[in-house]
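Computed from a predicted structure; not experimentally measured. Only this structure's heavy atoms are used, side chains among them; waters, hydrogens and symmetry mates stay out.
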Amino acid sequence: MVPAPAPAAPARNVPLILLTILAVIFFLRWAEPVLVPLVLALIVSYALAPLVDRLERIRIPRWLSAAVLLLALIVGLGASALALRAEASNLLEILPEAAQKLQVALRKELAGPDSTIDKVQEAAEELARATEAEAGSKLAPGVTRVVVEKPKLNVREYLLTSAASVVAAVGAGVMILFLAFFLLASGDTFRRKWVKLSGPALSKRRITVQVMDEIGNQVQRYLFVQFVGSVALGIASGLAFWALGLENAAVWGLIGGVLNLVPYVGLIVIMGATALVAFYQFGTIGMTLTVAATSLLLHGLQNWLTPWMVSRTSRMNAVVVFMGLVFWGWLWGGWGLLLGLPILMVFKAVCDHVEELKPIGEFMGE
């Protein structure tokens, strides 16, 4: 008698797999304050590692070259922040007035001077005034009318909250710099430790080396694509704004290049900011829409090109790249949009070389 085949075991593992995935997502969300600086430090170390290696070949100690390069990075970021500070201050000053003017202009442009919307608005305001007057006249003698006022801004509390946020940001930045410094100064120490921990088998050690080489190559390609794309976008935006007559076109080009590092969100921010500045400067809907359309065209093209180029260099499906950005953006917000692509590359490099995870790597591939 032939025994009946045993039931398939994988079906019973589905709940366990789902629970594991949910637990990993919860851990990533909970550990965001620690994981984000760690990932940023790893990316900085991967970006500067080739330069540190070249300086080491000419007899410069790794710790010294790492310190000099990180110091130069801090100085560059500080100079960029100082260059953008005046423009950001001006933008914050004109933002309320420009937004109000733009709202009024759009309403007049779309509705017209004698439209039904204006008549309804005037009737509503007149009705509100009449209701307030009638309510005041019906108060009984000796009854005090109560007016609820909104609480005033507590300046001290606001300053304390802002100071706490600044201190937290500075602390995270210092942690990123120290982590990147130690990673760069250590050289291939951690690489050799990972190879040793992979086990005594030569095949496992070879796979570990291949995975680490693939991760380094993928991250460095991604950083190169982002750098070239941001520089090209900044130059193109600056020239386009200059041709349109927008004031401080070079500064807006620099801002556009920096915001290109944050996919999709950067597009919305630069489009809205340049539209408000254009309306404040020119005072017409036509020029406002022209500047906004220019920002949308340039940044929208770059937001499409970057995932496509990353998918080509990393051999990942463009749909997977986009969905990965959506997932990491939902999980970590702006940091997720910034770090989602390199995390996807690292995950795919691991899946391509680990036998049990190769189906996932195949699914993520082109």
Give a yes or no on whether [X] and [Y] share a hydrophobic cluster (residues Ile, Leu, Val, Met, Phe, Trp, Tyr; joining criterion: side-chain heavy atoms under 4.5 Å apart).
| X | Y | answer |
| --- | --- | --- |
| V258 | W242 | no |
| L276 | L296 | no |
| I25 | V36 | yes |
| L239 | V231 | yes |
| F178 | L48 | yes |

Would you be so kind as to tabulate the donor-acceptor pairs closer than 3.5 Å made by side chains of residues 322-336, with sequence neighbours excluded?
| unit_1 | atom_1 | unit_2 | atom_2 | d |
| --- | --- | --- | --- | --- |
| W332 | NE1 | L28 | O | 3.0 |

4.5 Å side-chain heavy-atom contact, [X] and [Y]:
| X | Y | result |
| --- | --- | --- |
| C351 | K358 | no |
| I215 | Y46 | yes |
| T288 | F282 | no |
| F27 | V24 | no |

Rounded to the nearest 0.5 Å, how far apart are [atom1] of [X] and [atom2] of [Y]?
| X | Y | atom1 | atom2 | value |
| --- | --- | --- | --- | --- |
| H299 | T294 | NE2 | OG1 | 10.0 Å |
| W252 | L259 | CH2 | CG | 9.0 Å |
| Q218 | K348 | CD | NZ | 7.5 Å |
| S230 | I235 | OG | CD1 | 11.0 Å |

Just grab all the salt bridge (Lys or Arg N to Asp or Glu O under 4.0 Å) pairs involving residues 259-273, residues at least two apart or on different chains.
none
Indicate whether the side chain of Q226 and that of Y222 have a donor and an acceptor atom separated by less than 3.5 Å.
yes
Work out which heavy atom in [X] is nearest to a heavy atom in [Y]; give both atom names and the distance.
| X | Y | answer |
| --- | --- | --- |
| L179 | P37 | CD1-O, 4.4 Å |
| G361 | D352 | CA-OD1, 3.5 Å |
| A180 | S45 | O-CB, 4.4 Å |

Can you confirm whether R54 is buried at CZ, in the sense that more than 12 heavy atoms of other residues, nucleotides or ligands lie under 6.0 Å from that atom?
no
Residues that I43 engages under side chain to side chain contact (heavy atoms under 4.5 Å, CB included), provided they are two or more places apart
V39, L223, L339, P342
Backbone N/O of V346 and side chain of E214: donor-acceptor pair under 3.5 Å
no
Ignoring hydrogens and angles, tell me if any N or O in the side chain of N217 forms a donor-acceptor pair with the backbone of D213 under 3.5 Å.
yes
Just distance, no hydrogens or angles: give the donor-acceptor pairs under 3.5 Å from side chains in residues 57-79, sequence neighbours left out.
| unit_1 | atom_1 | unit_2 | atom_2 | d |
| --- | --- | --- | --- | --- |
| R62 | NE | L184 | O | 2.9 |
| R62 | NH1 | D53 | OD1 | 2.7 |
| R62 | NH1 | E56 | OE1 | 2.9 |
| R62 | NH2 | L184 | O | 2.9 |
| S65 | OG | P61 | O | 3.2 |
| S65 | OG | R62 | O | 3.0 |

Among Ile, Leu, Val, Met, Phe, Trp and Tyr joined by side-chain contacts under 4.5 Å, find the other residues sharing a cluster with L233 and list them by chain and number.
L298
All side chain to side chain donor-acceptor pair (under 3.5 Å) counterparts of S295, not counting sequence neighbours
T274
